[in-house]
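A, B, ... follow the sequence lines: proteins, then strands. Residue 1 opens every chain. Keep in mind that the numbers below use all heavy atoms, side chains included, and drop hydrogens, waters and symmetry copies. If you're wondering where the values come from, they're calculated on a predicted model, not measured in any experiment.
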Amino acid sequence: MPELPEVETTRKGIEPHLLGQKVRLVLVRQDQLRWPISAGLGQAVTGQMIDAVERRGKYLFLVTAAGRVMIHLGMSGSLRIQSPSAPLKTHDHVDFVLANEQILRFHDPRRFGSIFWLPGESDHSLLRSLGPEPLTTAFSAAYLFGVSRGKSVAVKNFLMNSHIVVGVGNIYANESLYLAGIRPEKPAGKVSLARYARLVDRVKEVLASAIEAGGTTLRDFVHEDGSPGYFKQSLHVYGRGGEACLGCAGILKEVRLGQRTTVFCSRCQR
DNA sequence: AGTCGCGCCTGGCGGC
DNA sequence: TGCCGCCAGGCGCGAC
């Protein structure tokens, strides 16, 4: 479920609990996620101190001197900090037990998430072709305009492609395109530089606001302490198909685009 | 090379 | 109440 704001919210939430802590034990109850959990994970990370908690796109990294634990939350994954007395729930697949007995617990009903151990300075093939971070200057109108020329794919699918830009999923793609006044089905290669400038600005604003609000909780996204995010109340189109457009009071349309629900206003978005 | 659709899973909801 | 189909914050891969 998580897009960049939810992953960043998770990162900021777990970081203060993990920095300087040693991993005492790793308990893997279910290792069949999107991909099998790296077989040597427990042995590799046990005894290691967590020096940093980083994020690249929707991937989180627990950084140690020996290497990095790479975590993706998929559609339904979450990470929480729990005490040893917290009852175990169904789909609590992995525990990282810290030296202070607190537990970093990975929970993922649909098991679309993944956990890898990356030894030393090594990288993972999944990281190699990722696009720029949306909240950096590398994500610009000139960049989007340049990489989109000649592409017939719908601009919404283009925006959700992690090889183009990381972190923008279905909620924030819908929201950004609405705020930029761009129709989601428009071929990416036909969008002008000026309109990409608007889109880039709106993507940055929406993601930053969502991070500030602690992410969007629709169903099961929770913070490290179990609390929800509050950006849902700021959504303009996502989940509002058939309701009134907040700009023109027309009825918001809902269609399928790339197997994902897409909501837009046919009057405000061209 | 680009584009499209499938499938990995579980759970919740609406309809019959 | 049950059963069934459909939907869900993602995304890599194989088939054209």
Which nucleotide in C:dG10, C:dG12, B:dT3 has an atom nearest any side-chain atom of A:Glu3: C:dG10
Classify the side-chain pair A:His91/A:Asp108 by whether it contains a donor and acceptor separated by less than 3.5 Å. no
DNA chain B in dot-bracket, Watson-Crick or G-U pairs under 3.5 Å, [ ] crossing, | other strand? .|||||||.|||||||
For A:His163 and A:Asn161: C-alpha separation, side-chain torsions, deciding distance, then whether side-chain hydrogen bond (donor to acceptor under 3.5 Å, both in side chains) applies. CA-CA 5 Å; A:His163 298 103; A:Asn161 181 346; 3.2 Å; yes
For the pair made of CG in A:Leu159 and C1' in C:dG10, what is the distance, rounded to whole Å? 15 Å
B:dG11, OP1 or OP2 - any side-chain N/O from A:Arg219 closer than 4.0 Å? no
Classify A:Tyr238 by what it touches in the nucleic acid, base, sugar-phosphate, or nothing, heavy-atom distance under 4.0 Å. sugar-phosphate
Between atom CD1 in A:Ile164 and atom C1' in C:dC11, what is the gap in whole Å? 14 Å
Is A:Arg34 close enough to B:dC9 that one of its side-chain N or O atoms is under 4.0 Å from OP1 or OP2 there? no
DNA chain B: 5'-proximal contact among A:Gln259 and A:Pro109 (nearest heavy atom): A:Gln259
Think A:Ser152 has a side-chain N or O under 4.0 angstrom from the OP1 or OP2 of B:dT3? yes
Closer than 4.0 Å, any side-chain N/O of A:Lys58 to the OP1 or OP2 of C:dG10? yes
Look at A:Arg80 together with A:Asp95 and state whether they make a salt bridge at an N to O cut-off of under 4.0 Å. no
Figure out the CD/C1' separation between A:Glu6 and C:dG10, and round it to whole Å. 12 Å
For A:Arg256 and A:Thr261, which I'm curious about, is there any donor-acceptor pair between the side chains at under 3.5 Å? yes
Mind checking if A:Tyr59 touches a base, just sugar-phosphate, or nothing, with heavy atoms under 4.0 Å? sugar-phosphate
Please report, rounded to the nearest Å, how far the C1' atom of B:dA1 is from the CG atom of A:Asn161. 13 Å
A:Met160 CE to B:dT3 P: how many Å, rounded? 16 Å
If you compare every side-chain N and O of A:His72 against the phosphate oxygens of C:dC11 (OP1, OP2), does one of them come in below 4.0 Å? yes
Base, sugar-phosphate alone, or nothing: which one does A:Leu33 contact when heavy atoms must sit under 4.0 Å apart? nothing
Quick note, salt bridge (charged side-chain N to carboxylate O under 4.0 Å, His left out) partners involving residues 145-173 of chain A, not counting sequence neighbours, are none
Under 6.0 Å between ring centres: does that hold for A:Tyr238 and A:His236? no
Distance, rounded to the nearest Å, where A:Phe158 contributes CZ and B:dT3 contributes C1': 13 Å
Under a 3.5 Å distance rule, please check whether A:His223 uses its side chain to pair with a backbone N or O of A:Asp225 as donor and acceptor. no
Would you call A:Arg240 and A:Glu254 a salt bridge, using N to O less than 4.0 angstrom? no
Let's see if you can work this out: which of C:dG10, B:dG2, C:dA8 has an atom nearest to the side-chain heavy atoms of A:Asn170? C:dG10
Taking only the side-chain nitrogens and oxygens of A:His91, find out if one of them lies under 4.0 Å from OP1 or OP2 of B:dG11. yes
Say you pick atom P in B:dG7 and the same atom in C:dG5; how far apart are they, in whole Å? 16 Å
Can you tell me how far P of B:dG5 sits from CZ of A:Arg260, to the nearest Å? 14 Å
Taking NE2 from A:His163 and C1' from B:dT3, how many angstroms apart are they, rounded to a whole number? 14 Å
Within the structure, does a side-chain N or O atom of A:Arg110 lie under 4.0 Å from either OP1 or OP2 of C:dC7? no
Between the base of B:dC8 and the ring of A:Phe112 - centre-to-centre under 5.5 Å, planes within under 30° - is that a stack? yes
